[in-house]
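A quick write-up on the structure given underneath.
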Amino acid sequence: MRTIDSGSLSAAARNLNVSPAAAGNHVRALERWLGTRLLNRTTRKIALTEAGSAFLVHARRILEETEAAAAAASRLHAEPSGTLRVSAPVTFSLRVLAPVIADYLAAHARMRINLEVTDRVVDLIEDRLDCAIRIGDLADSTLTARRIGHAPFVICAAPSYLDRHGRPTRAEDLADHACLEYSLRPPLGRWQLVAPDGAIRQISVAGRLEASNGDVLRVAALRGLGLTLAPRFVIATELAEGSLIPVLEEYGLPAPGIFIVHASGRQATAKLRSFTAFLANRLGEKGLNGGGLAAAPSRRRPDGVSRP
């Protein structure tokens with residue numbers, strides 16, 4: 001390849017820092033191994049044979065792919081550095097993401113994270129963000145997503161509320177209870193449960209409080225204002241302490257995915273790859289330890305999504 005590109009064996013030898021004799025020996029050894037002549041040599045010039053032309057096409061492709069593989073491996077193992085701009089929901093950031101980010105930064109001394117804590121669905125390009133964390137069903141769009149976990153839900157209430165109003169034992173009982181609703185989770189006024197026999201129950205619910213933030217509903221439930229359908233990560237501490245009591249545990253409840261999304265058409269940087277892998281690992285650990293999250297890799301193309 002160097003001989004053809006350079007125009008002569010002697011020029012190729014100079015480029016490779018070997019003697020012309022050594023370069024000629026390499027070419028002859030290759031021809032003996034292939035069992036065919038690759039070059040036609042005269043005193044004035046060197047030209048490819050038909051076999052040499054065919055061999056050169058494949059050799060160039062192999063070299064390019066080898067160089068690309070080496071570059072990819074180098075990028076994969078490169079130490080991430082720089083600033084990563086991330087958007088995430090408010091309650092998720094406070095109760096799950098904050099300690100994970102602290103540990104990530106402790107493990108990656110050259111990284112800096114700029115976290116935008118918001119429950120609005122951000123535009124990654126307009127807001128100049130590297131990625132966003134979204135929870136729930138994802139609509140199709142030009143974004144690329146990786147599932148890094150899922151968030152099981154629980155129906156629960158304070159002991160004081162259950163003492164006053166009784167404990168629901170069937171999905172249909174919810175219609176007779178005060179239910180605290182997350183206003184960004186459609187359809188408002190209906191909770192879907194899966195009965196032990198597999199039947200799906202769509203239950204109409206109502207209460208005196210709707211809110212677009214899970215922590216607001218958590219506090220209201222603690223004050224005895226009603227039942228709440230909440231992600232386990234929002235109420236894990238209260239469930240462990242007994243200040244909130246789960247009900248209807250025999251029914252299946254939502255467990256929406258937790259996704260990290262970024263603009264498609266761009267190769268993920270080392271810092272984004274390392275952050276995504278770190279999150280997936282930690283959320284998986286929380287799921288195994290009862291924190292209510294578990295990792296499950298997947299790729300989709302999302303857009304807007306409601307958040308608990």
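Quick note: numbers below take in every heavy atom, side chains included, and nothing from hydrogens, waters or symmetry partners.
- Here the closest non-hydrogen pair linking Val154 and Arg232 is CG2-NH2, 3.4 Å.
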Going through the checks in order, is the side-chain contact (heavy atoms from CB on, under 4.5 Å) test met by Asp215 and Val234?
-> CA-CA 7 Å; Asp215 267 325; Val234 175; 4.3 Å; yes
Tell me which donor-acceptor pairs under 3.5 Å the side chains of residues 238-261 have, and how far apart each pair is, sequence neighbours excluded?
unit_1: Glu238; atom_1: OE2; unit_2: Arg218; atom_2: NH1; d: 3.0
unit_1: Ser243; atom_1: OG; unit_2: Glu238; atom_2: O; d: 3.4
unit_1: Tyr251; atom_1: OH; unit_2: Ala171; atom_2: N; d: 3.2

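- Here the CE atom belonging to Met111 is positioned 7.0 Å from the OG1 atom belonging to Thr83, to the nearest 0.5 angstrom.
- The line from CD1 of Ile200 to CG of Asp197 is 10.5 Å long, rounded to the nearest 0.5 Å.
- With sequence neighbours excluded, no residue forms a salt bridge (charged side-chain N to carboxylate O under 4.0 Å, His left out) with Asp163.
- In this structure, His177 has its ring center closer than 6.0 angstrom to the ring center of Tyr161.
- For the atom pair CG (Leu124) and OG1 (Thr144), the distance works out to 10.5 Å, reported to the nearest 0.5 Å.
- Rounding to the nearest 0.5 Å gives a distance of 6.5 Å between CG of Leu162 and CG of Leu227.
- Judged by distance alone, the side chain of Glu181 and the main-chain N or O of Gly189 form a donor-acceptor pair under 3.5 Å.
- Across every non-hydrogen atom of Leu180 and Leu225, the tightest pair is CD2-O, 4.0 Å.
- No donor-acceptor pair under 3.5 Å is formed between the side chain of Ser93 and the backbone N or O of Val117.
- Taken from CD1 in Ile203 to CH2 in Trp191, the straight-line distance is 11.0 Å, to the nearest 0.5 Å.
- Shown here are the side-chain hydrogen bond (donor to acceptor under 3.5 Å, both in side chains) partners of Glu116, two or more places apart in sequence or in another chain: Arg120.
- The shortest non-hydrogen separation linking Arg85 to Arg128 is NE-O, 3.0 Å.
- Put simply, CD1 on Ile133 and OG on Ser87 are 8.5 Å apart, with the number rounded to the nearest 0.5 Å.
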